[in-house]
Enquirer: 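One structure coming up, written as structure tokens, with questions to follow.
What's counted below: heavy atoms across the whole structure, side chains too, no hydrogens, waters or symmetry copies. Throughout, protein chains are lettered first and strands after them, A, B, ... in sequence-line order, and every chain is numbered starting at 1.
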Protein chains: 2
Amino acid sequence: MPKPDATIAPEALRASALTDDVSFLLARANAIALAAGNAALAAHGLKVRAYSVLVLTSGDARPSQRELAEFLRLDPSQVVSLVDELQSRGLVERQPDPADRRANVVVATEAGRALVVTARESAHAAEERVHAELSASERTTLATLLRTLAFPAE
Amino acid sequence: MPKPDATIAPEALRASALTDDVSFLLARANAIALAAGNAALAAHGLKVRAYSVLVLTSGDARPSQRELAEFLRLDPSQVVSLVDELQSRGLVERQPDPADRRANVVVATEAGRALVVTARESAHAAEERVHAELSASERTTLATLLRTLAFPAE
DNA sequence: TATTGTTATACTCTATAACTATA
DNA sequence: TATAGTTATAGAGTATAACAATA
């Protein structure tokens, strides 16, 4: 008899209608991946949300808060506190957008970029554990299919 | 220039590192599917959570609250209020488990089963819209891959 | 001793409206 | 008029510990 575990589901329900429901599978897989990601990033004082902001602001994109909100599907007010938190830790800074003085461009600081590098290792290690049962090509296929759902045309 | 929409993401960020991150894609796809599901089920006075409980208790599985919690990855205390709510609406009932008098078996009532039938149509229609860009075989592949992540061996 | 369901509680997350400054 | 960011607030979701009944 298997030890009770967060990822173990009762046998009797495995045959239920929900097991064929992509939305349900999406929810359960996401819950597992999110828990693993948060656990792995805790060592860096981050959660997936904050980590995602750090990744997005470490590149050349120079996103506004509004763009971060849309991309991460967060309310703009949630981005405020997320950026507040990261800024208070010296990991990102708000820069005025020269093209639109209403907008803030959020950019990672040197410290933020450094943290992303080490945090990414932990995040990838956690993802590796979660995806251990999938082959490399299966992961590629999964990513492609999920991208279609995550970024629908129009 | 595209109208701002909840599912539209800023172009500049589409090239970011996160777009290759399966966990991120999982989170975003799930957020979109969950929003669509909740919107579709609202007409029946349900959300995905309650709908899922109704589906799981409409079959022959006769799950306990503990089993529902594990399968849906909810805290047992969340299942209490979920079942309370459905029971107060006459959609499910708690039955004593003859094999274990500590446990409640949750079963959908006739009304609950009837509601599932109509609610399922709305849920499937919503899922159809969300998955419109995927072919039938792609959906099957996606379901198979997600099932591996959602129900890891051991 | 351990587990099921329950309650209470606190914490996080999410959603909304209103405000300001800019466009 | 409309939009970006902010603030305040309320609501929903999540997590924890403690308890009674039962195993």
Side-chain angles (χ1 to χ4, degrees), chain A residues 1-6 8 10 27-28 30-32 34-35 37-39 41-42 46-50 52-53 62-88 92-106, chain B residues 1-6 8 10 27-28 30-32 34-35 37-39 41-42 45-53 62-88 92-106:
Chain A
M1 232 168 294
K3 266 282 180 191
D5 183 270
I8 297 300
R28 197 171 204 273
N30 177 54
I32 292 172
L34 186 64
N38 278 332
L41 289 167
L46 294 172
K47 294 187 177 182
V48 266
R49 280 293 160 65
S52 300
V53 170
R62 301 179 58 84
S64 68
Q65 296 188 187
R66 183 68 49 159
E67 288 173 319
L68 289 172
E70 288 171 11
F71 196 72
L72 297 172
R73 288 188 63 93
L74 299 175
D75 192 88
S77 63
Q78 294 177 259
V79 175
V80 171
S81 47
L82 216 38
V83 172
D84 279 353
E85 159 76 9
L86 289 171
Q87 188 169 40
S88 75
V92 302
E93 56 183 30
R94 289 172 163 96
Q95 293 179 2
D97 182 345
D100 185 341
R101 284 187 301 171
R102 293 172 304 179
N104 294 329
V105 161
V106 184
Chain B
M1 234 166 296
K3 266 284 182 186
D5 183 89
I8 297 299
R28 198 172 203 275
N30 177 54
I32 291 172
L34 185 64
N38 278 332
L41 290 166
L46 295 171
K47 294 188 177 182
V48 261
R49 279 294 160 64
Y51 170 74
S52 300
V53 169
R62 300 178 59 83
S64 67
Q65 295 188 188
R66 183 68 47 161
E67 289 174 318
L68 289 172
E70 288 172 9
F71 196 72
L72 298 172
R73 287 189 64 92
L74 299 175
D75 192 88
S77 63
Q78 293 177 260
V79 176
V80 171
S81 48
L82 216 38
V83 172
D84 279 353
E85 159 76 10
L86 290 171
Q87 188 170 38
S88 76
V92 303
E93 56 182 30
R94 289 172 163 95
Q95 293 179 2
D97 183 346
D100 184 342
R101 284 187 300 170
R102 293 172 304 180
N104 294 329
V105 160
V106 184

Enquirer: When the nearest nucleotide of DNA chain C is assigned to S77(A) and to A99(A) on a heavy-atom basis, which residue is associated with the more 5' position?
Expert: S77(A)
Enquirer: If the cut-off is 4.0 Å, is Q78(A) near the phosphate of dT14(C), judged by side-chain N/O to OP1 or OP2?
Expert: yes
Enquirer: Within the structure, does a side-chain N or O atom of R94(B) lie under 4.0 Å from either OP1 or OP2 of dT6(C)?
Expert: yes
Enquirer: Examine dT4(C): is either OP1 or OP2 under 4.0 Å from a nitrogen or oxygen in the side chain of R66(B)? Give yes or no.
Expert: yes
Enquirer: Does this structure show an ion pair linking R66(A) with D100(A), if we count only N-O contacts that are shorter than 4.0 Å?
Expert: no
Enquirer: Closest approach to the side chain of Q65(B), judged atom by atom: which nucleotide of dG5(C), dA23(D), dG5(D) is it?
Expert: dG5(C)
Enquirer: Below 3.5 Å, does any donor atom in the side chain of R102(A) face an acceptor in the base of dT3(D), or the other way round?
Expert: yes
Enquirer: Closer to the 5' end of DNA chain C via nearest nucleotide, is it D84(B) or R49(A)?
Expert: D84(B)
Enquirer: Rounded to the nearest 0.5 Å, what separation is found between the CZ atom of R49(B) and the CG atom of L41(B)?
Expert: 13.0 Å
Enquirer: Base, sugar-phosphate or nothing for D100(B)? Non-hydrogen atoms, less than 4.0 Å.
Expert: sugar-phosphate
Enquirer: Is the phosphate of dG13(D), meaning OP1 or OP2, less than 4.0 Å from a side-chain N or O of K47(B)?
Expert: yes
Enquirer: What residue among N38(A), V53(A), L72(A) forms side chain to side chain contact (heavy atoms under 4.5 Å, CB included) with V48(A)?
Expert: N38(A)
Enquirer: Any sub-3.5 Å donor-acceptor pair from E67(B)'s side-chain atoms to S64(B)'s backbone N or O?
Expert: yes
Enquirer: Under 4.0 Å between a side-chain N/O of N104(A) and OP1 or OP2 of dT6(D), yes or no?
Expert: yes
